[in-house]
Number of protein chains: 2
Amino acid sequence: MGVTKTQNFTATQNKVASYAKALAHPARVAIIEYLVKNQTCICGDLVEELPLAQATVSQHLKELKQVGIIKGEIEGTSVCYCLDEKGWGEAREMLLQVLNAALPDKRCC
Amino acid sequence: MGVTKTQNFTATQNKVASYAKALAHPARVAIIEYLVKNQTCICGDLVEELPLAQATVSQHLKELKQVGIIKGEIEGTSVCYCLDEKGWGEAREMLLQVLNAALPDKRCC
DNA sequence: TAGATATATCGCAATATTACGATAATAACT
DNA sequence: AGTTATTATCGTAATATTGCGATATATCTA
């Protein structure tokens, strides 16, 4: 039904999934990478950087903002986006926990 | 258009995104966690474990298999799934690279 | 071979995502 | 107040995802 049965999974599983979803599009990966590289927090140079229309970039930024891993600060006519210390930290921790729970050298079958 | 402009992003960005997408659903997170916990690689006890119909579980397993992070081995009438050493390793590396590129204590704005 | 068991696949419905043009909203400047 | 620049939101179209019943497929056992 395209509707995820969220309520039947744990809060942690849902959080991990939503943080992963934030990274589940190359444009959003590119945005994160750009914010990481240009520590000087960047606004809508992203629109120039990305091969997408301004409306689309804005939408991706909104999604990242909604899960809490980036934040925006109005600065004159433009907006300065950057990683949100708290949200990005939690996203990192939760994803790292899953990724590090299993090393790739564990055998099976 | 629901169609991602994949060709306009780097191969790395697309790979990161597709690995993240594999973790972007609580059921798939649960599957990974289950495979990690029960090192003895598990088949369709997952169907009993997850609050989803057999067809749906099978579909999620297929997605994980397609990105290469799990593999299945036929064992009698059932199938034994487990993390794929190579694929899971690459997924880990690529996601860790993004996650570790920025520590949460970096200031901005 | 016939049944039982376990998975995979098909087909469909409901909802979500991606993308963009058009337009609104906000803030600076004149 | 009017203009310009920047970003957000709306509306819409195309496609993807999620979920499941029904059915197919494959393997074991009697």
Side-chain angles (χ1 to χ4, degrees), chain A residues 1-9 13-14 16-31 34-35 41-67 70-82 109, chain B residues 1-9 13-14 16-31 34-35 41-67 70-82 109:
Chain A
M1 306 167 177
V3 77
T4 296
K5 293 182 122 188
T6 292
Q7 69 281 18
N8 296 312
F9 295 96
Q13 287 164 343
N14 279 298
V16 168
S18 65
Y19 285 133
K21 188 179 287 182
L23 297 177
H25 191 288
R28 293 194 293 271
V29 172
I31 290 173
Y34 192 79
L35 289 178
C41 50
I42 305 302
C43 24
D45 312 271
L46 285 166
V47 175
E48 306 230 321
E49 200 70 15
L50 300 180
L52 296 171
Q54 179 267 322
T56 309
V57 173
S58 189
Q59 199 171 278
H60 282 300
L61 286 168
K62 188 184 181 183
E63 284 174 65
L64 290 170
K65 202 164 38 174
Q66 272 173 344
V67 298
I70 72 171
K71 64 184 173 188
E73 207 164 272
I74 298 172
E75 206 151 277
T77 42
S78 52
V79 175
C80 170
Y81 278 104
C82 53
C109 290
Chain B
M1 305 169 182
V3 76
T4 296
K5 294 182 120 187
T6 291
Q7 68 282 20
N8 295 312
F9 295 95
Q13 287 165 343
N14 278 299
V16 168
S18 66
Y19 285 133
K21 189 180 285 183
L23 298 176
H25 191 288
R28 293 193 293 271
V29 173
I31 289 173
Y34 192 79
L35 289 177
C41 51
I42 305 301
C43 23
D45 312 87
L46 284 167
V47 175
E48 306 230 322
E49 199 70 14
L50 299 179
L52 297 171
Q54 179 267 323
T56 310
V57 173
S58 188
Q59 199 172 279
H60 282 300
L61 286 168
K62 187 184 182 183
E63 285 173 65
L64 289 170
K65 201 165 39 176
Q66 273 173 344
V67 299
I70 72 170
K71 65 184 173 189
E73 207 165 274
I74 298 172
E75 206 152 280
T77 41
S78 52
V79 176
C80 169
Y81 278 105
C82 54
C109 292

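We use all heavy atoms of the structure for the numbers below, so side chains are in, but hydrogens, waters and symmetry mates are not. Residue numbers start from 1 in every chain, and the chains themselves are labelled A, B, ... in the order their sequence lines are given, proteins ahead of strands.
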**Request:** Report the residue (A/Val47 or A/Phe9) whose heavy-atom-nearest nucleotide on DNA chain D is the more 5′ of the two.
**Result:** A/Val47
Reported [atom1]-to-[atom2] distance for the pair [X] and [Y], which is rounded to 0.5 angstrom:
| X | Y | atom1 | atom2 | result |
| --- | --- | --- | --- | --- |
| B/Leu35 | B/Ile70 | CG | CD1 | 6.0 Å |
| A/Cys80 | A/Lys71 | SG | NZ | 9.5 Å |
| A/Tyr81 | A/Leu61 | OH | CG | 5.0 Å |
| B/Asn14 | B/Lys21 | CG | NZ | 9.5 Å |

Just call it for [X]: base, sugar-phosphate, or nothing, with non-hydrogen atoms closer than 4.0 Å on any strand.
| X | result |
| --- | --- |
| A/Ala55 | base |
| B/Glu63 | sugar-phosphate |
| B/Thr56 | base |

Take the protein atom [atom1] of [X] and the nucleotide atom [atom2] of [N], then report the distance between them rounded to whole Å.
| X | N | atom1 | atom2 | result |
| --- | --- | --- | --- | --- |
| B/Glu75 | D/dA26 | CD | P | 18 Å |
| A/Leu52 | D/dT7 | CG | P | 15 Å |
| B/Ile74 | C/dA8 | CD1 | C1' | 10 Å |
| B/Leu64 | C/dA8 | CG | P | 12 Å |
| A/Gln59 | C/dG21 | CD | P | 13 Å |
| B/Glu49 | C/dT7 | CD | P | 14 Å |
| A/Lys71 | D/dT7 | NZ | P | 18 Å |
| A/Gln66 | D/dT9 | CD | C1' | 12 Å |

**Prompt:** Are the side chain of A/Arg28 and the backbone N or O of A/Leu23 linked by a donor-acceptor pair below 3.5 Å?
**Reply:** no
For [N], take OP1 and OP2 only and decide whether either is under 4.0 Å from a side-chain N or O of [X].
| X | N | value |
| --- | --- | --- |
| B/Lys21 | D/dT17 | yes |
| B/Ser78 | C/dA6 | no |
| B/Tyr81 | C/dA6 | no |

**Item:** Base C/dA8 paired with B/Gln54 side chain (donor-acceptor, <3.5 Å)
**Value:** yes
Taking the side chain of [X] as heavy atoms from C-beta outward, which of [options] is closest to it?
| X | options | value |
| --- | --- | --- |
| A/Lys65 | D/dA8, D/dG19, C/dT7 | D/dA8 |
| B/Thr77 | D/dT9, D/dC28, C/dA19 | D/dC28 |
| B/Ala53 | C/dA28, D/dG21, C/dC20 | D/dG21 |
| A/Val79 | D/dT6, C/dA8, D/dA8 | D/dA8 |
| A/Thr4 | C/dC20, C/dA8, D/dG19 | D/dG19 |

**Prompt:** So which heavy atom on B/Ala30 is nearest to which on B/Leu50, and how close?
**Reply:** CB-CD2, 3.7 Å
**Prompt:** A/Val67 and A/Ser18: which non-hydrogen atoms are nearest, and at how many Å?
**Reply:** CG1-O, 4.1 Å
**Item:** pair A/His60-A/Ile31: side-chain heavy atoms closer than 4.5 Å
**Value:** yes
**Message:** Could you tell me if the side chain of B/Glu73 sits less than 4.5 Å from the side chain of B/Val79, heavy atoms only?
**Reply:**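 No, side chains not in contact.
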**Message:** Before you tell me yes or no, could you show the steps for B/Phe9 and A/Leu52 under side-chain contact (heavy atoms from CB on, under 4.5 Å), namely the whole-Å CA-CA distance, both residues' side-chain angles and the distance that decides it to 0.1 Å?
**Reply:** CA-CA 10 Å; B/Phe9 295 95; A/Leu52 296 171; 4.0 Å; yes
**Message:** Applying side chain to side chain donor-acceptor pair (under 3.5 Å) as the test, list every pair that has at least one member in residues 41-59 of chain A; sequence neighbours left out.
**Reply:** none
**Request:** Please work out which residues in residues 22-29 of chain A have a non-hydrogen atom less than 4.0 Å from an atom of DNA chain C and list them by number.
**Result:**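 The stretch gives A/His25, A/Arg28 as the residues lying under 4.0 Å from the strand, ordered by number.
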**Stems formed with participation of DNA chain D [Watson-Crick or G-U wobble, under 3.5 Å, three or more pairs]** =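 In DNA chain D, stems of three or more pairs: C:1-30 with D:1-30.
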